[in-house]
Engineer: 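Just dropping this structure here.
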Amino acid sequence: MTTSNANRTRTRTRTRALSRLAVAALTAALVATGTSAVAADESDKPGAADRKAGKLAAEIAKRGAKGAAADARSAAPNAAEQRALYAFAGGELYGYGLDGLGGYQAREWLGSGWEFIKNATQADNDGDGWADDVWLWDQSGYLHYSSAESPDSVLVGGGWNIYNHVFSPGNLAGGPGADLLARDSAGALWIYLGHGDGRVTAPVRIGGGWNVYDRIAGVGDLTGDGRSDITAVDKSGDLWLYEGTGEHRTPFKPRAKVGWSWNIYNGVVGVGDLDLDGKSDLIARDKAGALWRYSGTGQAAEPFKPRVKIGTNGWNAYRLIF
């Protein structure tokens, strides 16, 4: 990327602040029963928490615009999905915009009082290349949805506390929108196919034994074949690549070992195309609190370049990065 493009990206994204994000809704149900997900009964709705989640989604969404995505992508027209970065420190929310140089701008405070948010994951449901949807999962197990186009949060349902990890790796099965992966306490992995408007299908079990992994992450294509992939770090620190197949009932090929010593990290996040070279990347937080970028190569045998430090110690202040 040229210096002028980098400077233009930094300037425009700085003035617009962070990114478009918004929360994509999910059908949430008592999936432990294996039935289709449905919305919660009125009597079960946590009204105050739902309204607060809506305010959070709206607050994030208003800090970006489609133009920010176009600016960032102007230097890399074939870029993969891009995402700003968000982080919770207790109940405080902070955002980091892309700096156009493979890292992030200075953080911006986005509000307080969000202790009730347990987890969150971004998505690009409108396919414009910029993450502008977010699923918000609260401590009571309710899932909320909003988008940049419709920032008012929608409570879709409860029962999500049967899972210990939920995230969106992008579009796994070629449908109209981003999908969700969820791991339950027994180690089974489930896929929810996205309709592109926040709704998802009933869950489909796609495998067991996933509790051998401490961290599962990834956004978009890591291998250059046009399909979304994921990575997983096992308890010994080995890094495994699961290449996508495009088939929703068997979305991944058998795993392949692509790294080791990843147990030096206490957090791994798929961030899409951070360095604007058209390939999806990962970031990892080490135990000292430093942040590292692993730029993608687009090659399955060696999907990441050597790491680059993009954040000094202090990132351990965050309980959640997404």
Side-chain angles (χ1 to χ4, degrees), residues 72-73 76-85 98 102-103 121-125 127 129-131 165-175 177-183 189 191 193-194 206-207 210 212-234 237-248 250-265 267-285 291-308 310 321-322:
R73 293 168 64 83
N78 297 317
E81 176 187 326
Q82 292 175 16
R83 298 183 172 192
L85 193 67
L98 278 66
T121 183
Q122 299 185 51
D124 174 24
N125 267 331
W130 192 255
H165 188 44
V166 178
F167 77 105
S168 175
N171 191 322
L172 286 171
D179 307 318
L180 281 173
L181 293 176
R183 182 182 63 184
L189 194 67
I191 186 171
L193 301 181
I206 56 175
W210 285 77
V212 302
Y213 298 119
D214 285 334
R215 291 168 292 282
I216 308 170
V219 174
D221 179 19
L222 296 172
T223 63
D225 64 358
R227 299 187 180 97
S228 292
D229 313 302
I230 63 171
T231 61
V233 181
D234 67 24
D238 290 335
L239 180 70
W240 301 87
L241 171 68
Y242 283 85
E243 290 190 67
T245 65
E247 167 54 49
H248 79 278
T250 54
F252 302 114
K253 300 178 183 178
R255 68 180 188 172
K257 187 176 176 179
V258 294
W260 54 90
S261 298
W262 280 64
N263 48 3
I264 65 173
Y265 301 120
V268 179
V269 182
V271 293
D273 185 12
L274 177 56
D275 59 8
L276 305 183
D277 67 352
K279 301 177 178 67
S280 292
D281 311 315
L282 288 180
I283 59 171
R285 181 182 62 186
L291 199 66
W292 301 84
R293 185 188 75 238
Y294 282 84
S295 292
T297 66
Q299 302 296 321
E302 194 172 348
F304 301 110
K305 298 176 184 178
R307 68 180 190 171
V308 175
I310 60 171
I321 299 173
F322 68 98

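Bear in mind the structure is a predicted one, so any value in this text is a computation, not a measurement. Values reported hereafter were calculated over all heavy atoms of this structure, with side chains retained and with hydrogens, waters and symmetry mates removed.
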Engineer: If we only count heavy atoms from C-beta on, is the Ser295 to Val308 side-chain gap below 4.5 Å?
Structural biologist: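 No, side chains not in contact.
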Engineer: Without swapping roles, check the side chain of Ser280 against the backbone of Val219 for a donor-acceptor pair under 3.5 Å.
Structural biologist: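 Yes; judged by distance alone, with no hydrogens or angles, the pair exists.
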Engineer: Quick one, Thr231 and Arg215 - any side-chain contact, counting heavy atoms below 4.5 Å?
Structural biologist: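 No. Closest side-chain heavy atoms not under 4.5 Å.
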Engineer: Any donor and acceptor pair, going by atom type alone, linking the side chain of Gln122 with main-chain N or O of Ala84 inside 3.5 Å?
Structural biologist: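 Confirmed, Gln122 side chain pairs with Ala84 backbone.
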Engineer: Cation over ring, Arg255 on Trp240, under 6.0 Å and within 45°?
Structural biologist: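 Yes; both conditions hold, so Arg255 lies above the ring face of Trp240.
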Engineer: With heavy-atom distances below 4.5 Å as the criterion, would you say the side chains of Asp214 and Val268 are in contact?
Structural biologist: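 No - every pair of side-chain heavy atoms lies 4.5 Å or more apart.
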Engineer: For the side chain of His165 and the backbone of Ile216, is there at least one donor-acceptor N/O pair under 3.5 Å apart?
Structural biologist: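 Here the side-chain-to-backbone pair exists.
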Engineer: Does any part of the side chain of Phe167, heavy atoms only, come nearer than 4.5 Å to the side chain of Leu181, both counted from C-beta?
Structural biologist: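 With C-beta onward as the side chain, the pair touches.
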Engineer: Would you name the heavy atoms of Ala232 and Tyr242 that are closest together and state the gap between them?
Structural biologist: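 So the two residues come closest at CB-CE1, 4.3 Å.
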Engineer: Does some side-chain heavy atom of Asp273 sit less than 4.5 Å from a side-chain heavy atom of Asp281?
Structural biologist: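 Side chain of Asp281 against side chain of Asp273, heavy atoms only: contact under 4.5 Å found.
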Engineer: Keeping Arg293 on the side-chain end and Leu274 on the backbone end, is there a donor-acceptor pair under 3.5 Å?
Structural biologist: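 No, because the side chain of Arg293 does not come within donor-acceptor range (under 3.5 Å) of the backbone of Leu274.
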Engineer: Ile321 versus Leu85: any side-chain heavy-atom pair under 4.5 Å?
Structural biologist: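 They are in contact (side-chain heavy atoms under 4.5 Å apart), so the answer is yes.
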Engineer: Work out which heavy atom in Arg183 is nearest to a heavy atom in Tyr213; give both atom names and the distance.
Structural biologist: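 That would be NH1-O, 2.8 Å.
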Engineer: Looking at Gly226, is its backbone amide N or carbonyl O close enough to the side chain of Asp221 to form a donor-acceptor pair, meaning the two atoms are under 3.5 Å apart?
Structural biologist: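 Pair found, side chain donor or acceptor close to backbone of Gly226.
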